[in-house]
Amino acid sequence: MDRPLAVPRLSLMLGLCLAGTGTLFVSGTLLLPLLAATLCALFFRSRLPFLAALALLMFTCGNLLLVQGLRPLLPPDHIVRLASEEPVIVEGGIDGGPEAAGEGYRLTVRDDEIYRDNLRARVSGRVLLTVGAGRVSLETGDRVRFSSRIRKPRNYGLPGEFDHAGRLAARGIFATAFVTDPGGVVLI
């Protein structure tokens, strides 16, 4: 065999591609049985069982690597669990941005607390906050407070569109918020 790593490499790439497009997600419970089958296949005279088991193992590894980034198990106190039509008051520290976005800007806020119905609760996670228009002098590390609806990022579903939700998930952001002007973001 001239290229012994071609089949495992292609299997890994196929697993990554199918997870990236949302076509197929395999269970993590397959990993140990496939590893055991691959190790057992080492003792066969023929290379075919080993190559098949290794290809399945690499496919599963590639798929699971991307799934863990795109669809992680979020804790119960994650901010995305508050996604609804009702606005909440979010308080947290800026850990990314601000970066220009059209007439406004975007910044990433690591959430600490939310206020809803005069109740305070601790939350975890990051929110991509978009300010519609205007500029404000905020820096990474500043603590801010804003009132907005929390949304899950989504794509429009058009063929060939940019995968906005996937890009945010790769950055560990699973929630978005919007305020119309810089007055909606209060520096604490």
Side-chain angles (χ1 to χ4, degrees), residues 12 15-23 25 28 61-188:
L12 180 73
L16 286 167
C17 288
L18 289 179
T21 60
T23 308
F25 298 112
C61 286
N63 195 277
L64 289 174
L65 280 172
L66 202 54
V67 167
Q68 292 303 316
L70 295 177
R71 292 184 168 187
L73 295 173
L74 299 174
D77 68 341
H78 198 277
I79 187 74
V80 77
R81 303 208 191 276
L82 298 172
S84 72
E85 292 298 317
E86 276 189 51
V88 294
I89 298 172
V90 179
E91 184 178 311
I94 298 175
D95 76 344
E99 57 191 45
E103 294 180 17
Y105 61 94
R106 290 188 188 111
L107 51 101
T108 306
V109 178
R110 180 167 301 279
D111 301 320
D112 290 332
E113 301 172 344
I114 59 109
Y115 300 92
R116 176 189 263 174
D117 301 328
N118 295 325
L119 296 173
R120 177 178 161 241
R122 306 268 313 154
V123 292
S124 63
R126 298 167 68 200
V127 172
L128 179 67
L129 173 63
T130 302
V131 178
R135 299 275 185 244
V136 74
S137 57
L138 294 172
E139 297 178 10
T140 302
D142 288 344
R143 289 194 56 79
V144 295
R145 182 181 290 169
F146 61 91
S147 176
S148 177
R149 292 181 294 200
I150 303 299
R151 306 270 184 172
K152 293 180 182 180
R154 63 179 181 84
N155 299 326
Y156 293 111
L158 302 172
E161 76 175 318
F162 177 71
D163 184 13
H164 180 66
R167 179 176 178 258
L168 291 178
R171 293 174 50 197
I173 300 171
F174 299 96
T176 62
F178 179 82
V179 294
T180 54
D181 57 45
V185 181
V186 178
L187 179 63
I188 298 176

From Thr108 atom OG1 to Leu129 atom CG, the distance as rounded to the nearest 0.5 Å: 9.0 Å

Partner residues of Arg154 under the side-chain contact (heavy atoms from CB on, under 4.5 Å) criterion, sequence neighbours left out: Tyr156

Nearest atoms (heavy-atom pairs only) where Ser84 meets Arg116: OG-NH2, 3.3 Å

Side chains of Asp77 and Arg122 in contact at under 4.5 Å (non-hydrogen atoms): no

Heavy-atom closest pair, residues Pro153 and Ile173: CG-O, 4.4 Å

Rounded distance (nearest 0.5 Å) linking atom NE2 of His164 with atom CG of Leu128: 6.0 Å

Under 3.5 Å: donor-acceptor pair, side chain of Ser148, backbone of Val179: no

With sequence neighbours excluded, residues passing side chain to side chain donor-acceptor pair (under 3.5 Å) with Asp95: Arg110, Arg126

Distance, nearest 0.5 Å, that separates CD1 of Ile114 from OG of Ser147: 11.0 Å

Distance-minimising heavy-atom pair for Pro182 and Val131: N-CG1, 3.6 Å

Non-hydrogen side-chain atoms of Leu168 and Thr176 separated by less than 4.5 Å: yes

Distance-minimising heavy-atom pair for Ala175 and Ile79: CB-CG2, 3.9 Å

Minimum side-chain heavy-atom gap Leu138-Leu187 below 4.5 Å: yes

Over 12 foreign heavy atoms within 6.0 Å of CD, Glu103: no

Residue Glu99 excluded, over 12 heavy atoms near CD under 6.0 Å: yes

Nearest atoms (heavy-atom pairs only) where Phe162 meets Asn155: O-OD1, 3.9 Å

Asp112 side-chain N/O to Gly92 backbone N/O, donor-acceptor pair under 3.5 Å: no

Which atom of Tyr105 lies closest to which atom of Gly134, heavy atoms considered: CD2-O, 3.4 Å

Results of side-chain contact (heavy atoms from CB on, under 4.5 Å) for Leu74 - residues two or more places apart only: Pro72, His78, Val80, Arg81, Phe174

side-chain contact (heavy atoms from CB on, under 4.5 Å) assessment of Ile89 paired with Arg145: CA-CA 7 Å; Ile89 298 172; Arg145 182 181 290 169; 3.5 Å; yes

Derivation and outcome, side-chain contact (heavy atoms from CB on, under 4.5 Å), residues Leu82 and Val90: CA-CA 11 Å; Leu82 298 172; Val90 179; over 6 Å; no

Euclidean distance, Arg120 CZ relative to Glu91 CD, rounded to 0.5 Å: 8.0 Å

